[in-house]
Amino acid sequence: NEVLGKTDGDLWPGETARKVRETDTIVFEMGLPLEVQESAEMADGTHHWLSVKCPIAVPHRRLLGGMSVDITERRTAEAALCQANSELESRVVERTRALTQANANLQAEIAARQRAEDTLRVSEDRYRIISQSISDYAFSFQMTEDGSTFYDWLTDNFTQVTGYPAEDFLGKRNPFDNYIHPEDMP
């Protein structure tokens with residue numbers, strides 16, 4: 001009874017009344033039921049309704065019947081879900097950007113390491129060719145704090161020049177000690 005006999009303008013503020021009247025007019029013109037979502041500013045904020053409006057056939061009168069369900073909470077939840085979705089999409093875009101950059105950095109690092117390996121391989125090949133072509137022998141050793149020596153590299157000519165097998169020297173502690181007469185040892 002609170003709405004009986006009242007116009008849209010009596011029930012709603014200006015712009016809301018105009019929009020409600022607009023959909024009411026569409027229902028009368030079509031002569032068919034219409035489902036529509038409507039919104040109105042209320043004292044406690046914007047409210048949303050899902051309304052079904054239909055013309056009521058009465059001779060010589062235009063009557064409108066309908067039913068509305070308050071969907072404000074649903075619309076608020078939908079808006080929150082859209083916001084969360086948007087934030088998630090932004091995070092995915094940012095994470096994808098970061099992963100793309102990390103991948104590019106790794107690819108650059110791999111390429112740099114590959115170039116370094118190629119350079120080292122060429123250097124080792126040159127070193128090997130030089131060491132094989134000399135008639136003498138060459139070696140590399142490390143000396144520890146206690147004065148011990150460890151040979152870590154010998155050319156192929158070592159055995160030919162010295163007569164000693166290379167495996168007796170490589171990686172062994174003070175390998176020449178085995179070939180020095182005890183009276184000649186310091």
Side-chain angles (χ1 to χ4, degrees), residues 1-132 140 142 144 150 152-153 170-171:
N1 289 337
E2 293 175 21
V3 295
L4 194 58
K6 294 187 179 179
T7 67
D8 292 331
D10 297 330
L11 297 171
W12 305 106
E15 182 60 21
T16 302
R18 187 192 65 73
K19 288 179 182 177
V20 169
R21 184 69 188 149
E22 197 174 278
T23 59
D24 293 350
T25 301
I26 292 171
V27 171
F28 284 129
E29 288 174 359
M30 289 178 19
L32 297 170
L34 178 67
E35 183 178 295
V36 63
Q37 289 190 26
E38 298 174 306
S39 301
E41 292 299 321
M42 308 293 280
D44 61 345
T46 303
H47 282 256
H48 305 278
W49 291 272
L50 177 60
S51 300
V52 177
K53 299 179 179 188
C54 59
I56 299 174
V58 175
H60 310 294
R61 290 190 68 186
R62 286 178 20 145
L63 293 177
L64 180 71
M67 178 179 81
S68 296
V69 176
D70 189 340
I71 58 169
T72 303
E73 286 183 20
R74 184 180 92 185
R75 292 281 298 268
T76 301
E78 287 173 352
L81 183 59
C82 284
Q83 177 64 31
N85 236 359
S86 177
E87 289 172 9
L88 181 59
E89 286 178 13
S90 294
R91 288 169 58 192
V92 166
V93 166
E94 183 56 37
R95 184 66 179 143
T96 300
R97 185 178 300 123
L99 288 172
T100 300
Q101 183 61 47
N103 189 34
N105 292 345
L106 287 172
Q107 292 296 330
E109 186 177 327
I110 289 169
R113 286 183 183 199
Q114 185 64 48
R115 285 189 302 274
E117 287 176 9
D118 292 345
T119 301
L120 180 61
R121 191 174 303 107
V122 167
S123 177
E124 287 174 343
D125 288 345
R126 287 179 182 160
Y127 194 63
R128 184 181 42 78
I129 290 168
I130 290 169
S131 70
Q132 289 173 347
S140 169
Q142 296 179 21
T144 62
F150 290 88
D152 51 16
W153 174 77
L170 288 173

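- Distance alone, capped at 3.5 Å, is enough to place a donor-acceptor pair between the Thr100 side chain and the Thr96 backbone.
- For the ring pair (Phe, Tyr, Trp, His ring centres under 6.0 Å) condition, no pair includes a residue of residues 62-81, sequence neighbours left out.
- Remark: Ser39 OG to Ile71 CD1 distance equals 7.5 Å, nearest 0.5 Å.
- Among pairs with a residue in residues 99-120, none fulfils ring pair (Phe, Tyr, Trp, His ring centres under 6.0 Å), at least two apart in sequence or across chains.
- Contacts classified as ring pair (Phe, Tyr, Trp, His ring centres under 6.0 Å) and involving residues 92-129 (residues at least two apart or in different chains) are given here: Tyr127-Trp153.
- Nearest heavy atom pair, residue Asp8 against residue Asp24, reads OD2-OD2, 2.9 Å.
- Looking at Val20 and Lys53, their side chains come closer than 4.5 Å, going by heavy atoms from C-beta outward.
- Of the inter-residue distances, the one linking Thr23 atom OG1 with Arg18 atom CZ reads 10.5 Å to the nearest 0.5 angstrom.
- Contacts of Thr144 classified as side-chain hydrogen bond (donor to acceptor under 3.5 Å, both in side chains), with partners at least two apart in sequence or in another chain: Asp146.
- Qualifying ring pair (Phe, Tyr, Trp, His ring centres under 6.0 Å) partners for Phe150, counting only residues two or more places apart in sequence or in other chains: none.
- Partners of Arg128 by salt bridge (Lys or Arg N to Asp or Glu O under 4.0 Å), not counting sequence neighbours, listed by chain and number: Asp125.
- Here Thr46 pairs with Glu41 under the side-chain hydrogen bond (donor to acceptor under 3.5 Å, both in side chains) rule; sequence neighbours left out.
- To the nearest 0.5 Å, the span separating CD1 on Ile56 from CG on Leu64 amounts to 7.0 Å.
- Of all the heavy atoms in Val27 and Leu34, the pair that sits closest is CG2-CB, 3.6 Å.
- Checked against side-chain hydrogen bond (donor to acceptor under 3.5 Å, both in side chains), Asp118 has the following partners two or more places apart in sequence or in another chain: Gln114, Arg121.
- Rounding to the nearest 0.5 angstrom, the gap separating the CG atom in Asn103 from the CG atom in Leu99 is 8.5 Å.
- The minimum heavy-atom distance between Asp70 and His48, with the atom names listed, is OD1-O, 3.1 Å.
- In this structure, His47 NE2 and Glu73 CD are separated by 10.0 Å, a value rounded to the nearest 0.5 Å.
- More than 12 heavy atoms of other residues, nucleotides or ligands shown are found within 6.0 angstrom of CD on Glu15.
- Between Thr16 and Ala40, the shortest heavy-atom contact is CG2-CB, 3.4 Å.
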Under 3.5 Å donor-acceptor pairs involving side-chain atoms of residues 82-93, not counting sequence neighbours:
unit_1, atom_1, unit_2, atom_2, d
Gln83, NE2, Glu87, OE2, 2.8
Ser90, OG, Ser86, O, 3.1

Side chain to side chain contact (heavy atoms under 4.5 Å, CB included) between Arg97 and Gln101, intermediate numbers included: CA-CA 6 Å; Arg97 185 178 300 123; Gln101 183 61 47; 5.9 Å; no
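- No side-chain N or O of Glu38 forms a donor-acceptor pair with one of Ser68 less than 3.5 Å apart.
- Listed by chain and residue number, nothing satisfies the salt bridge (Lys or Arg N to Asp or Glu O under 4.0 Å) test with Glu124 (two or more places apart in sequence, or in another chain).
- The salt bridge (Lys or Arg N to Asp or Glu O under 4.0 Å) search around Arg21 returns none, not counting sequence neighbours.
- Pairs passing the ring pair (Phe, Tyr, Trp, His ring centres under 6.0 Å) check and including a residue from residues 11-33, sequence neighbours excluded, read Trp12-Trp49.
- A salt bridge links Glu109 to Arg113: one of the charged nitrogens lies within less than 4.0 Å of a carboxylate oxygen.
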